[in-house]
Structures are given as C-alpha cells and as structure tokens.
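Below is one structure, written out as structure tokens; comments come after it.
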Amino acid sequence: MDPSIAKRDIGLMLFIIAACIAVLVESWDLPPGTFEPLGSGPVPQAIAFVIIGLCLIILLRALITLARHAAPTKTEEQLALEAEAAASGFHARPWSAVAVLAFSGLYVGILYLGLFGFGVVTTVFLLFIILFLLGAAPVRAFLSLITSFDRAHWPAAKPAVIAIVISVVMGFGCEFIFTEVFYVDLPTG
Amino acid sequence: MADFFAAFSNLFQIWPLTLLAIGVSLGIVVGAIPGLTATMLIALTLPLTFYMESVNAITLLVGMYVGGISGGLITATLLRMPGTPASIMTTFDGFPLARKGQPGRALGVGITSSFIGGLISWCFLAGLSPPLAKLALRFGPWEYFTMVLMALVMLASLAQGSMIKGLISGCLGMLFAMPGMDPSLGQMRLTFGFHDLDAGLKLLPVLIGAFAISQIIKDAVEIDWRPKMMSVSRRGIIVGFQDVKRHGINMLRSGCIGTWIGLLPGIGANIAAMMAYTTTKNLSKEPQKFGTGHEPGIVSAETANNSSIGGAMIPLITMGIPGSVVDAILLGALIIHNLQPGPLLFTTNPEVAYGFISSYLIANFIMFGLMLFAVVHIAKVMYIPKSYLLSAVLVFCVIGTFALGNRFFDVWVMLAFGLIGFGLEYCKVPLGPFVIGFVLSPIAEEHLRSALMMAEGNFLDVFNRPVAVVFLAVSALSLLWPLYQERLARRQREALAAAEPLCQNDSI
C-alpha cells in the first residue's frame, strides 16, 4: 500500500468509526420490538459494528504500512502520469475544489435566506464560478476591452463574454422554465 | 406476448420515440465528455421525469443509459481518456489505432461492436426476463434477504480495489438508509433530533450528491486540463459485413461475457469489458498485438461493455435487484413513479417491464445510427471548456434536488453527500457499493424482519430454504475468493523472489 494512501486511510477510518459510535449511542435506547423479534435498533447496530470491525482492519494495515515505509514511494503509473502532466504544462488546482464547495454553500445559503430571487442569485453565482474556474486572464482582458475598446483584447476576453451570456441565459432561463413549465416553486426573494 | 408487442407499438409513437432519441443523444454527448458520466446524467434527469408517464420516463432513462455507455468510446479512442469508466479497456487499442491514422476505423469498429453487443444482450433480456420473473415470484423473505446480501457481498468483493473498502462502502450506504421512521414499527430512529430526518434521507439528493457533486469537485481540481485536438474523418467508419463475420466469434463471446457480468448484481460495464478483453487476449494467437491498435481488443471491450447494460437490466426488472449503479438509479426511478420493482412488475405494470425491454432494443438502433453519422460532430463536444459545463451542471443539481420536495434540507443533504462521495473516492473507497447499499438496505431489512417474524425469531430457519442456502454459499465464496487469490498471488511472488537469486547464480 502507498504510504500516502495509508495516511488518508487512517484519517477516514477514524472519522467513520466516530460516526458509527454516534450511531450506536443514538440507537442504544431504541425499544425492542413488540410484534416482531428484531425491533428498530439491532439492524443499524449490527451494520455499525461490522463497519467498525472493517475499519479497524484497514487502520491496522495502514499503520503497518506506515511503520514499514518511512518515505512515500511512487508507483510507475504515478510517475508516468506526473511526467505526462509536466509535459502538457497542466497543473492540478486543489483549492478550486474547496472554492467550488464554498461558492455552492454560499449560493444555497443565499437562496435559503430568500434575500433575492432565484434568477438573480443564479446569474451572479454562475458568473462568479465560471470566471473563477476560467482564471484571471479572461477577466483582465475583458476589463481592458471595455475600458480601452481595443479589439486586440477580444480573443482573450471572449471566454468572459461567453460566461456573462451563459450566466444570464441560464439564470433567468432556468427560472422561467422551471417555474412556468415544470411548476417548481423556486425561491422568489 | 401481447404485452410485449403493445410495449413496442407504444414506443413507435412520436413522443416516446422522441424521448428515446433525446435520451440517446444526450447520453452520447455526456458520455463523450470526460468527467461527465451516464450516472450523473440519469441522476440529474430523474427529477424532470416526475412530470412524465412512468413508461416515458423509463424510455428516456434507458436511452441515456445506452447512449452514455456508448459515448465513452469517442474520448477513449481519440484522447486515450475514457469518457466513462466502461470504456477504459477501449483506450488500450482504440487510441493506438486512431494514432496510426485510422481514427474513423477505430470508431467504426467500436460503434459496430457496441451495437452488436447491445443486440446480443437484448436477446438474453427479452428471453430470460419473463421466466425469471415467474421464478422469482416463488421467492420468500429469506430468499430475498439472502439475495440482497449476496448482491452486496459480490459487489464489494468484485469491485476494483480493496474488498474491505468495498464492504465498508456498501455498509455505509446501508447505514445512511436507516434514519427516519422504521417501516415495520413506525419508530423514529437515528434522527439525532432533526425533524427533517423523520422521513429519512431521500434517494435523489444522495445520488446527485455522491455522483454529480463529487465529480464536479474532482473535475474542478483538474480544470486546467485541455485535451489535445485530433482531426477525425469518417473514412473507414462503416464496417463491412466481412469485418463483422471476421470478428463474429469474438463479438458473440464478449457479448455473452458482458451479459453474464451484467447479470451479477452490482458489477458494472467496466468489469465486463475488462474480463472480455482479457479472455480475448488469452485466447488470441497474437496476444502481443493487443495494446498496439489491434481491432479484436476494441471489439471485445466495446461489445462487452454495451452488452452488460442488457444483462444488468435482467435482475432489475425480474427481482428488483440493481445490476449496476445506473440500475440502482433506475430502481429509484421506478420507486419515485410509485411502481413496485420486482417480479410483480410483469403482472402489475407490464407496459413498464416490457417498456424496458423494447426501449433498450430501439435505443441500440438509434445509438448505432447517431454514432455512425454524427460521431465526427459529437467528438467536438469534448473540447468544450469544463468551466462552463461544470457550473451549469451544478445549478441543475440544485434545481433538481430542490424540485423533489421544495425543501432546502434536500439541497444541503446533496452538498453533504457530494463531500462524502469526494472524500470516499479520494481515499480509494469505491462509490458503487455505497449507492447500491443505500438502495438495497431497506429491502434487505424488510425481508429479514418478515422472515424472522415467520420463523418466530429463529435465524437458523434460513437453512430450511435451499435457494437461500445457495445464495448464502455464493456470498461466502465471493468473500473468500479474493482472499484465496491474494494468497495465491503472494505465493507466486515469493516463489519468483526465491527463484531470482538462483538464476543470478546460474548466470555467474
């Protein structure tokens, strides 16, 4: 086992064990069945015990792996992938995942609070998230385009313009379709 | 037989046929975009089907299923990047053949094989489903409970990666299905004081979260990745009858393997393609050519992955046991439309049961036509920047989940399961068993409790039911088989390690 995976395994398994203990505590006081032999508690309890047992096996394996390998070793496949990525100039953006989740949470939160209507919130959310994922260059080029009216900026600014069009069409288009055609009660603000 | 023909004639009306064509087209497009999968598309479309008749909803979803699995071959062939996990094996020979200057030929062989694989498994689906459903009607609660147990164990043990992680994933899915009102006693359990949990966790937020949101999070990390353009022409895309005849035995064998693997509960098209590819390679007189653009490699992988769809539908419509993750979503679709999945479906709603069978056949024909004539244009969608796609999908996820019950709680659940799904995949815990465990555990619990009521609490009563004993034995074998294989592999490694110094001494 790869030591880096072993470390991840330890974290995940400890988390799962804690969740299972919470399940056991919550289900412990459930009354036994009156009309049938099992009752409501034993099935979730049995599953939680099985999960804890399996997690302990993975934990043990991960600990043994970490004890045997001091430094993480990379497989041939990993090395090949890294070489390919380096050759293509591609870099992973782990923080994008966190940002996407945070943006999504904020989007749902604002919708939940009902501060603005669905169309407005969705348009703003889409614009933010698309521009964030596109990176800074198109935004800078777009700002240059609207301030200098220089056509030379158009190719670089095009993705930002597409982002604006998509955001508006999707934001208000979805609001119209889902409220008028599918009769979904989207938040109105 | 009358129901069978009625289902076919219903399908040839304008609306169902249009839905099927839309489903297949969308499936192909989504399958062709790396990072978007058929599972994601079907989970997202499910809320839109609330407003449709159940047969039409199934028709649309089956079309997406067939299109999604088939579309994966485009990126697998042109980019060496499987559009769906089912196309992993296609990359081995499809991409090298395309790089040799024959992308049209590589796509043509793949498309024709997919079509023939679909036809082979349709024969099994149409031939086996009605008698199997009749047989399943004789099953009692013990049989159902042990069958679900077998499905979960097989899924976990045959899933790629660690068997224990597969089992953990399946059990976690089962545990997440437990909160809410206990259906047998009406007792609230595992709600942790949240009244929103009284009705339990709904299937759709869990599915959309686990498959769509987690995928979006994953794709956001690799957002800067751009596929290299490859020019595609239609030259060589039409595969002649002589070619089909030449690959006939391979197609038939891979089709049967795919159908069989699909039949096994919970195992998807990727395993089917892998097994068919390995078998073809092992039986070939030129195994060294595999991986260099050898046509039989593409034929076996594509025939098997498409035929697994039909195979996986057999346990779904006859017993209500999903043959793959997508089938678990289809099972959810049946439940959402107030239909009882299982053997009674043929009696209570024959139009739906036969609707599955007929739409699967017609979807294959539509897929074949669309892929042959439009693959060059469809291939261009894989170059659409993901920044636009992912954001749009995210909004659809929110709308789809909210539309389920106009509750924000479901949307929060979806986001939470997106995080859980991402976390599990990050730690190499497969998501397939999780979803299937979530879908199957209420069925398993219900049948276990019924069986125990009938047996007055005696667990040993299961041994009085021969079919249930067979299912238990298969479960035990499925658990032990990977352990035996691991031990065998370890012995071989040790033997090789012991032989190496001897060889070195000989050479000295």
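Every chain is numbered from 1 and lettered A, B, ... according to where its sequence line falls, protein lines coming before strand lines.
If you measure heavy-atom distances from B/Y426 to chain A, the contacts under 4.5 Å come from both the backbone and the side chain. The parts of A/P159 that come within reach of chain B are both its backbone and its side chain, each placing non-hydrogen atoms under 4.5 angstrom from that chain. Contact of B/L172 with chain A is made through backbone and side chain together, with heavy-atom distances under 4.5 Å. In this structure, the portions of A/Y112 lying under 4.5 Å from any heavy atom of chain B include both its backbone and its side chain. For A/L111, the parts sitting under 4.5 Å from any heavy atom of chain B are the backbone and the side chain alike. With a threshold of 4.5 angstrom between heavy atoms, A/Y107 approaches chain B through side-chain atoms but not through N, CA, C or O. Using a 4.5 Å cut-off between heavy atoms, A/A22 contacts chain B through both its backbone and its side chain. Heavy atoms of B/F192 lying under 4.5 Å from chain A belong to its backbone as well as its side chain. Of the two parts of B/M178, only the side chain, counted from C-beta on, holds a non-hydrogen atom closer than 4.5 Å to a non-hydrogen atom of chain A.
For the residue pair A/S96 and B/A220, the shortest heavy atom distance occurs at CB-O, 3.2 Å. Residues B/V395 and A/F118 come closest through the heavy atom pair CG1-CZ, 4.4 Å. In terms of heavy-atom proximity, B/F408 sits nearest to A/P187 at CZ-CG, 3.5 Å. Of all heavy-atom pairs spanning A/C174 and B/F396, the tightest one is SG-CE2, 4.0 Å. Taking all atoms of both residues into account, the shortest heavy-atom contact from B/C171 to A/I51 is CB-CG1, 3.3 Å. Counting all heavy atoms, side chain and backbone alike, B/L185 lies closest to A/G39 at CD1-CA, 3.8 Å.
Rounding to the nearest 0.5 Å gives a distance of 8.0 Å between CD1 of B/I213 and CG of A/L101. The structure places CG of A/L12 at 13.0 Å from NZ of B/K428, a figure rounded to the nearest 0.5 Å. One finds the CG atom of B/L390 at 6.5 Å from the CG atom of A/L133 (value rounded to the nearest 0.5 Å). Taken to the nearest 0.5 Å, the CG atom of A/L38 stands 5.0 Å off from the CZ atom of B/F459. Between the CD1 atom of A/I52 and the CD1 atom of B/I168 there is a distance of 11.0 Å, given to the nearest 0.5 Å. The line from OG of A/S104 to CG of B/L415 is 6.0 Å long, rounded to the nearest 0.5 Å.
With chain B as partner, the option from A/G135, A/G171, A/G105, A/A19 having the largest number of non-hydrogen pairs under 4.5 angstrom is A/G105. Annotation: maximal heavy-atom pairing with chain B below 4.5 Å, among A/G41, A/G11, A/P31, occurs at A/P31. When each of A/I162, A/I16, A/L54 is scored by its heavy-atom pairs under 4.5 Å with chain B, the top score falls to A/L54. Contact count against chain A (heavy-atom pairs under 4.5 Å) is highest for B/I399 among B/I399, B/D219, B/V398, B/L452. Note on B/R449, B/Q187, B/E445: by heavy-atom pairs under 4.5 Å with chain A, the leading option is B/R449.
Contact annotation: the side chain of B/L394 approaches that of A/V100 to within less than 4.5 Å [non-hydrogen atoms, C-beta and beyond]. Annotation: side chain of B/F402 is not in contact with side chain of A/V108 (no heavy-atom distance under 4.5 Å). B/C427 has its side chain within reach of A/D9: a pair of non-hydrogen atoms, C-beta onward, lies under 4.5 Å apart.
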Yes or no on side-chain contact (heavy atoms from CB on, under 4.5 Å) for B/L190 and A/L30, after CA distance, side-chain angles and deciding distance?
-> CA-CA 9 Å; B/L190 303 181; A/L30 286 171; 5.8 Å; no
A/V43 and B/M174: side-chain contact (heavy atoms from CB on, under 4.5 Å), yes or no, with the steps?
-> CA-CA 10 Å; A/V43 175; B/M174 292 176 86; over 6 Å; no
Test log, rule side-chain contact (heavy atoms from CB on, under 4.5 Å), inputs A/C20 and B/L175 = CA-CA 9 Å; A/C20 287; B/L175 204 57; 4.2 Å; yes
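Counting heavy-atom neighbours within 6.0 Å of A/F103 CZ, excluding the residue itself, gives a total above 12. Crowding of B/Y51 atom OH: a count of heavy atoms from other residues, nucleotides or ligands under 6.0 Å exceeding 12. Around CD of A/Q45, the count of heavy atoms belonging to other residues, nucleotides or ligands within 6.0 Å exceeds 12. Within a 6.0 Å radius of CE in B/M181, no more than 12 heavy atoms belonging to other residues, nucleotides or ligands are found.
Each of A/L126, A/I166, A/L127 was checked for a side chain to side chain contact (heavy atoms under 4.5 Å, CB included) with B/S391, and the lone residue meeting it is A/L126.
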